[in-house]
Every structure is written in C-alpha cells, then in structure tokens.
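Numbered from 1 within each chain, the chains take letters A, B, ... in sequence-line order.
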Amino acid sequence: MFEKLIQKGLEKSAWLYHLNTGSCNGCDIELVSVITPRYDAERFGFKIAGSPRHADIIVVSGPITSQSRDRLIRTLAQVPEPKVVVSLGSCPRSCNVFNGSYCVEGPLDKYAPIDVSIAGCPPKPEAIMAGLVRAVEILKEKRRAMK
Amino acid sequence: MLLMNYITCIILIVLGLYTIVTKKNAMKIVIGMGLLDYGINLLLISVGFKAGGTAPIFTISELDRTSFFVDPVPQALTLTSIVIGACVTALALALVIMINKHYGTLDTDKVRRLKG
Amino acid sequence: MTQHLPILAIITLFIGAFIVALIKEKNEVLRNTVVLIATFMSFIFTLMMYKPIIGEGNIITYWMGNWEPVQNWAIGIGLEVDQLSLFFGLFISLSIVLSALYSFKYIEKETGKDKYYVLFLMMSASVMGFIFTGDLFNMYVMIEIMTFASVALTAFRNNKPEAVEAGFKYIAIGSIGSSLILLATVIIYAQFHTLNLAQIAGELHNNYTITTLFALALMVVGYAVKVFAVPTHFVAPDAYMTAPSSISMLFSGIVNKAAVYGILRVLYVVYQSMNLPSVQFMLIFWGTVTMFIGVTMALAQHDFKRLLAFHSISQIGYVITGIGLATALGITGGLYHALNHTLFKGLLFLCAGAVYYATGTTDLDKLGGLAKRMPQTALIFIIGAFSISGIPPFNGFVSKWIIYQASYEAGYAPVTIIALIVSVMTLASFIKVAQSAFFGQLPKEFKNVEEVPLSMRVPMWIMAILCIVGGIFPSSFTKYLITPAANAVMNSAKYVEVMMGPEFASKFYNNLGNAPVIDYKLAGYWQPIAWLILFGILLLAFTLVALLGGFNPKHFSYSDEEDAKYDVFYSGESAEFSHVGGSDLFWGLKYQFRHYFDLMHKIHNGVVNDYALSVVLTAAVVLLYVFTFVR
Amino acid sequence: MELLKRILYILFYPGLLYCFVGGLVLAGIDRKLLARMQKRVGPPIWQPFYDFFKLLGKETIVPRNAAKRAFLAAPVIGLISLITVSLFIPVFKFSPFSTYADLIVVIYLLTIPAVALIVGGSASGSPYAGVGISREMVAIISYELPMVISLLAIAKKVGLELNNGIMTFSLSQIVEYQAQNGPLFTKLSMIPAFIAMLLVIPCKVGSLPFDIAEAEIEICEGPLVEYSGAPLAIFKLNHAIKMLVMTSLFVTLFLSGSGTGILAVDAILQFILSIVVVFFSITILKAITARLRVEQTLRFYWTYPTALALLSLILVYFGL
C-alpha cells in the first residue's frame, strides 16, 4: 500500500535541479519559461529545488566545459536515489557548435548516463514539458527497480 | 576629641578611594587599597571608645564595682581586620610582581589584554 | 547531634584544606581522597540537616564556644540555619562535591596541584560558613576569605599573563567591595553595639535612622560588587575566563549565589525592607539592567568562557529581579532560578572545561565540529543550552516562567517584556556557541580529539539529569525546597525569636503569625504525566511509519570513506574547510545595533581604574537613592 | 477511560492525524491560492501529500562530517513539539488536554520547532546551513518582541474583567471572555494588537517575504540544504503544521467565541477561519512582496508591529 503511495508521489511531484555546465543560457531561459503562468509546470508538481539533495530530476544544460566538469560529477553524485539525468538542448548531447573547442570536455554521456534528452537549440517549452513527463516515467521505473 | 578620629577616618577612606581610581600605577593602587583598609580600621577602633575607660585587661580578682573598661569587641574585630588587610596586600603585591614579569610595566593603561 | 551539624558542615572543609596543605605533593591519591571525603562529608552533614529544618520546620542555632546571650544581649558568634540558608546550603555543597570530582582529572596537567586544592577547599568552606553564619562580622570574614581564595584561583595559571591581570583586577575591585561591607558592619555595630543578625533585626524593626540607612546602602553596594551586578560587573568576565573551569563553575555557582543570599539576608530579614516600594523598585531596576547588558555583551563575545561569564551576570539579573518583586510568587521564582542557574551554568562551564581539556583552546573562532569527536559533551552542552534559554521540558523554563508571571502580576509589564527578549537573546548566543564549537566542520588540528575521561563526565551527567528532572517535575522541587525557603524570607520574626529566646521577639513584633502561605498553582503548566504519554505515543507513531517500509530499503546511507556523495554540498566545489561560526553569526543584529555594541565595547576597556570608578559611582548613586527614597 | 480519551485526542483529533492532514491541506490551499493570484493553474490542493510521500520514498543521505544523531533527531523533535502545541489550543471552548492551557507555555513550545531546525541545520555541517541559522535566529529575535507585547495586552485585557484585575495567561479564559462579549478584534484596544499579530504570522511560519532562512536561490534552502528523504519530508511537514498551529492560535485569540458546542462543527469552523487567516496573512504577502534582507526584517519588526502592540497595551491600560 505504501509503495503505491510513493509511486503516486514520485509521479505527481518530481523536483528539478538545474545544472548549467557552460551553456549559452538559451536553454536556461526556456527552462524558466516552463514555470511561468503560460506553461505552468507546477500543475504537474514540478518545482525547481534549491539543493541537489532535494532533487529527483537533474536538468543539465550546456556542453561540459573543463571548468565545470568535476563540479558536474560531484553534484551528480550528491543527488539521492532514485534520480534521472535529463539533457536540455543539444549541447550536452553533442557539444553542438562548440564541438572540438579547446575547453569543451565532450558530451554528457561520458560522465553520466542520460535518461531523457530534449533536443532543440533551445527546445520549445512544450518539448521540455514532454521530456519532463517522460523523465517521471523513468523515475518510477528506477524506484521499482530499487525496491 | 573623638571628632578628630572620625575626620581622619573619612580623609583616609576618601584618599584611599582617590588613589585606587586615579593612579595608573599598579603599585599605587595596592597602596590605595591599604589606605582604605586602615581608614576603616581606625573607625572601628574609635567606635568602641568610652571616655575615662581603661584597657579591658584584668584578672577576675581585680574586678570590682568601680572598674570601667573600654568596649573590648571592636578591638578584637580590628585585629582580624588588620590581619585580613595584610593578607590582601601581600597577595596584591605578589600579583603586581607577576604583572611586571609578564607585561614588563605596571601602567594599568598597558595592562589590559582582557577587554571588550 | 543535630545541634552540631552546621559547624560540622563548615569545619570538615577547613580541616580538609589543612590536611591537604600538609600532604603537599607527596601523595596524589591520598590528597584526592582527602578532598573527596571532606567535600562529601560536608554534603552529607548538610543533607542530614534537611529533616529537622525543612521537614519539621524549626531552626537550628549554634553558639560558638557556648556563649549564650546574657540578658538578651548576644555576645558570642552564633550560627543560625533556617530554611533559606539550608536551601542555599544544599545546592552549594552539591556543586562543591561535583566540582571536586571534576577537577581530579581536569587539573592533572597543571603544576602546583596541592595549592589548587587548598584554595578550593578554603573557598568552599568560606561559602558554607557565609551561608550558615548568624553574625554580621563573621559574614564579612567569610566573604573576605572567599574573595581571597577566588583571586588566588583566578591567577592559578600564572604562566598566562591574562590570568595574572584578571587576578589583579579582581582583587582591586573585590577589596573595594569588601571594604564597603566592613564599613557598613562597623556602622551597624556603632549603632546597636551587637553583631548578631537576629538581635539587629529585632532592634531594626521599623525604626530606621539615618545611620542604619547609610549602612544599608553600603551593604547593598558591597554585595552588588560581589554578585557582579551591572555597573560593577567588569571584572567578572576576566576572572571567569582565566580561572580553571572547575573554579569558574564555582564562581558562577556558589560565589555569586552566596552574595545573592547576602543581599536577601540583609535586605529582607535584617532590615525587613520587603514591603518598601522604593527598595523593590531599586532591586527590580538593577536586576533588569544587569539582565539586559549581560546578554547583549554575551552576544558579541569570541571566547566560550567569556560568553558564559556574561550569561552568569545576566541570569543573576533574573534572580535579583525575581527577589526584588517581593511578592510570594516573585521570591519563589527568584530562588528557583538561583537553584536552576547553579545547575545549568555549572553544566555549561564544565562543558567549556571539557572542550579546553580536549582541544586546549576555548576560542570560538578556532573551534568547530566537536560533536563528532565528543558526542557526550555535545549532548550535555545541548541540554545545558536549552535549559538556560528556557525551552519547556527543561528547568530554566519553569523558573523564568514564574518570574514572567510574577513580574507581570506585580504590574511591571516592561520588565516582563525585557525578560522575554533577554531570554530569546540567550538562546541566540547559545546557538552561536553550538554552531561554532560543536557543530559545523572539524578543523584539521582537532582531527584526533578524544572524549574527556569518565571522571569528568560523571559530574556533568549528574547535573544534566538534575536539569531535566527540575523541568519535568517542578512541583516537587517547589513544595519540598523553595516554598519553605520563600516562607522563611517573608517571615523573619521566627528567625529572631528562635535565636534570641522566646520573649525577645515579641517585644518588637506585634504579629508573630507566620508569613502568607505561598499557594499558587502552576497555572497552565501541564501535568508531567500528559507530557510523558505524548512522548510515548509519538515515538510509537514514528516507529510505525518507519516499520511500514515507507523508507528506502537501505534506510540511512552513511559512510566514512572519501566519497563525493557524502561530501557537504558546496555548489560543486571540493569540500574545503569553510566553517561558518564564531563572530560572523548574527551580523544582522549587530549591524542593526552597531552604535550600542560599539559603545559597550568602548566601556569595557580593561583599565582597572575605570572599573574602580564605576564601583565608586554605583556606591554614590545607591547612597543618594537610599537617602532620598527609602523611609 | 480518561487515559483512553487522552490517547484518542493525541492520536486523532487535535493531535497527530489532524495536524498531518490539516497542515498539508492548508499548505496546498496556500500554494493553490498563490498560483491563482499569478494567473496560473497551480498544483492540486493535495500536492503537499504527494511531496510528502515522494520524499519518504527517497534515499536519506547523511553527510560525512555531520553529527549523525542530532542531524536525524532534529525533525522528530520539531514534529513532537508542534503536535504538543496543537493539543493545547482550545477550539471554541473545547480544550482537549488541560483545563487551563497557558499562553506562555504555548509561546515557548512554538520556539522548539525553530530551534530544532537550527540544531538540525548546524548539525549538518554545511556553510550554507551556518548562514541560514544566523538568519533564522535573527528572525526569531525580531518577531518575538511584537508577539510578546500583543499577548501581554490580550492577557491584561481579559484579566481586567475575568480574573479580578490581575492578568490571566490562560487560553480558556480568553475564549470564555470572547464568548461573553464578542470576538476580541471587535474591541477598540485590540485592533492594533490584531494587526501586529497578523504581521507576525508570516515571519513565524517562514513564508515568502520573511523566509530569509530558507531562501532557495541565495543559500539553497538554508538549514535544509543537506536533508533528503524522510527527515526532509518531516521538516516540510513541520513547516505546514506550523502554519496550521499559528493560524488556529490566532483564531483562538482574536476570532473565537462560544461556538456551536458540537465538536465536529466547531473544528470545521476553526479550520475555515484558519484558511481565511492564511489567505490574509501569508498568501497575500507572499504574492505581492519580495524577500527582505536580515536586518531589514529586524528593523521592520522592531518598529511598526511593536509600535502597534505597544499602542494596544497602552489602550488596555486606559481601560478601553
């Protein structure tokens, strides 16, 4: 009975933690627009959490620059299970236009398994919402796997 | 005639307080404390004075109707008070020596690491 | 046998001091056992006095050298133990035993240990003597021995310059205080030609002459210097800070309680000035100012023991305010707070000693994260901190609550408001100490700090348990201990009558009836059983939730090896040492009142002459006040 | 029988279950109202329940240099004291636990959850928590002054009539006074105290303009930064129950009266009045103002609400 409640809780209230690894802030503004009155992600219980310890979904945006690489790894480790990594925009996926630059340390999947990747540069808020809803599904599966 | 005693007591006490409050040298403060004590001891002695009384030292045989003594209790109190005054001065002087050893000066304006 | 108990309680400590002086450095174990026996015997004798005095309600009198009063004229020195002095005697002898137990291990690293124990026993003997004596000059001698021993113990660590400086300041100010008390004693003797408190109380019964008022003013200022009331408090933080912790526990536990007892005995029993509104106003004003300045200075401190010293001053402000109210509830609140203060302040000073013993420093800016290495000391500190800031299940709350109720009923609304704000600021300063000393990050040099040995933890645990018991079962404390003491304060006729023989008192007191029985129900204070039921039920509810497997199967994941997952979140940075603590907490409050805090910092400038000047000014102001208002 | 009734009270009505459900529903309503004011759809009313059970399912990480026992015990102590307080607040003449529940005891019990948050935060050993603690403590100092003065004013006002002159701190007598001559906020001398208490509630609960201790953006949730899983769930629950307890205390002090006498109806009436108070004191302020700095909060609370409270104390002394 309790497990069912937790599953419902995970589905209905997933908290995001936004991790900017050197992005051009295009995706960040789009992510913030998702919680504005027009798109209102809070309807589905999404809330931006202040600290990685509170987060369920980690939204990573930007190509992993050398400065932010070990910070990324350390913060990802500090998020409690079950967690889901979402790559926002095409930069974390393929370093986009910055590929091959001296300070870009390559796509995100070198450091963490990406569960959901939202394409677009920057992706539309509707795309982000769809991605987040997909992420919640994976979150529930991870929780079932963890039992 | 006792009035002179009381005036000197007051002068001694006020002088003692004056030295403690204004003198910046630690040694003078200890002297001020001593002055304060002696003023009060003098007052203690002159409180027990009875005109025409003799010293309260007697043997039972000498005791008769006419013998009239000064009040013995303050004299006992003064003894204790003098002893205490001496001990306090001794301890204060020991501390003054230690301050000089640690701080190198007796000036109370410099001896103030503990403040605030 | 019960006749000789008061003198036995005092003499065992003096003999102990004498024997320890003989043993010198030869045999440590023998010396420790002598100290323990002396303090324990004195505690046992005081306990044996409980049944006759509080149980049956009569008063033990003891004439030194059997010099009974001749034709109603007291010649010899008399000891008189009534409910009030026994109440003080009980918790004072208890804290002496605990402090002795604590100092065996604490003083081990110091040199000149036998001198420490001689002075320790002399101080405790003089406090016990001061509490039980019924003679004015004997009170002065005991206060003088106490000051003398405290000065020597403040400067005990004479390799530290601060200790010697604090000792000198303490003796300079303390001797002014003692001289004022001696001057008052001399004047009273000049007026009544007797030194016995009971006889003076008889003759002083509502016929105040100018000289007795002069003596009253000097006596009050003399004891205020000993109790470190505000204008004369400058020496206290230096003395508490540099003295060894087991001694600063005694400073704040018994030395200023003896001075409070002195004020109570002189003002309320000898002068019976309880129903004079002017005296009440003076004490309440003085207590409130002490309370406020003590705690605001404590907020700005960097050193653990100096912070505790300023708190002692502010808590004594509570006790003086409680006593100054002179209503039945007020005096009960004041006395109960005196007892609680000895318990939780002693506990906090022992914690400070444990921190000093383990890390070698009490500077809050250097300490941090000790809770991991010293879990028991941290828990004891939390109990002490919560009881001093008046959090309900602990004893500090009960006495403060009674003082609020009494002060508001007596019509002093501003006093209640200030008292509540001071209590919140006390909580703030102890949160500061908890964050900077016990929680937060552990600096590298304290990596292998060990918990203090058992013989130091036992007295701490005893006091902690007493703090909790005092909070959960307040009605038992008040019924058996405090109400009889408060009754004794409000009814001094019995004190005079027992000491000087039956018909002596009736000459002066027309109504020999005893004082109004203090009956207040702790209105609203919940019955302890309800509290215990609640605790049980909620723990049951909590375990139910845990058992349901609602938690993650791995429950709490915790590990000690170097893994980024268990590092503290630094927004991604590697966990380098950045401990928030010490003085940079509460910058908001200090910034807001920066003028006040700068002024206070400038006033405490550390120059002995300014401290002496403040004592003399207080004497002048109190003299003026007493001459104009007290009739 | 008496014991059984007591256990029933503890576990169900004013105790555990009511606080749990009532608090979370109140928090949900508050979030929903805020969303509607920002023209957003906003989460469902029972969203806090989802948050609570999701957090229960998460893994609880205890940082390495945290003081483990204090870190894990702090939320439970906060919860216990909050539920004890809710047992003492009378609901229109029905006061479950003790016949003369006391105001000062309630006020002091309400400081325990704040202290528990502080001890928990400082036990976690993170620098963000250190900053959060100093802000929380300054917030406590700032709202304590106006609250105490207004409570003294109420105690004196009720004491003048009922307790033959000497003030009374007992909540049941305050309710009885309001039953005789109308809710307190209708009295002229009590209106300033009413406004002062209304301003104190958001800072006590820690809602937006005064949530300087748990500022998400600046210091990542302040003392709660290291918490995750069950302890965090209990802290969020404490936050919600504190909202319920403060508002129901406010209703008892100012808006209560004789009530209908039937417990169930009184309870619902009390809850509805709490919702109204939440709307006026917390949600409106949350929607229209931004977060204040620490010493601004202190300066604000020690000037305007204190002046209002003092005004009402003076008016009471004039016997208005």
Where on [X] is there a heavy atom nearer than 4.5 Å to chain C: the side chain, the backbone, both, or neither?
{"X": "D:V148", "value": "side chain"}
{"X": "D:L313", "value": "side chain"}
{"X": "D:L55", "value": "neither"}
{"X": "D:I61", "value": "both"}
{"X": "D:S124", "value": "backbone"}
{"X": "D:L298", "value": "side chain"}

Rounded distance (nearest 0.5 Å) linking atom [atom1] of [X] with atom [atom2] of [Y]:
{"X": "D:R69", "Y": "C:I382", "atom1": "CZ", "atom2": "CD1", "result": "12.5 Å"}
{"X": "C:Q592", "Y": "D:W302", "atom1": "CD", "atom2": "CH2", "result": "9.5 Å"}
{"X": "D:T111", "Y": "C:I391", "atom1": "OG1", "atom2": "CD1", "result": "4.0 Å"}
{"X": "C:I421", "Y": "D:I149", "atom1": "CD1", "atom2": "CD1", "result": "7.0 Å"}
{"X": "D:T306", "Y": "C:I417", "atom1": "OG1", "atom2": "CD1", "result": "9.5 Å"}
{"X": "C:K590", "Y": "D:E295", "atom1": "NZ", "atom2": "CD", "result": "13.5 Å"}

C:Y408 side chain vs D:L152 backbone, donor-acceptor pair below 3.5 Å: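 Such a contact is found between C:Y408 side chain and D:L152 backbone.
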Identify which part of [X] has an atom lying under 4.5 Å from any heavy atom of chain D, answering side chain, backbone, both or neither.
{"X": "C:F386", "value": "side chain"}
{"X": "C:L589", "value": "both"}
{"X": "C:F593", "value": "side chain"}
{"X": "C:L379", "value": "neither"}

Option that, when pairs with chain C are counted at under 4.5 Å, heavy atom only, ranks first among [options]:
{"options": "D:M137, D:E144, D:E136", "value": "D:M137"}
{"options": "D:A70, D:A66, D:A155", "value": "D:A66"}
{"options": "D:S122, D:S134, D:P63, D:A123", "value": "D:S122"}
{"options": "D:G130, D:S228, D:P127", "value": "D:P127"}

Exercise: identify the closest heavy-atom pair between D:Y108 and C:S389: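 Between these two residues, the closest heavy atoms are CE2-O, 4.0 Å.
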Residues, nucleotides or ligands: over 12 heavy atoms within 6.0 Å of C:Y591 OH: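 Counting neighbours around OH of C:Y591, 12 or fewer heavy atoms of other residues, nucleotides or ligands fall under 6.0 Å, so no.
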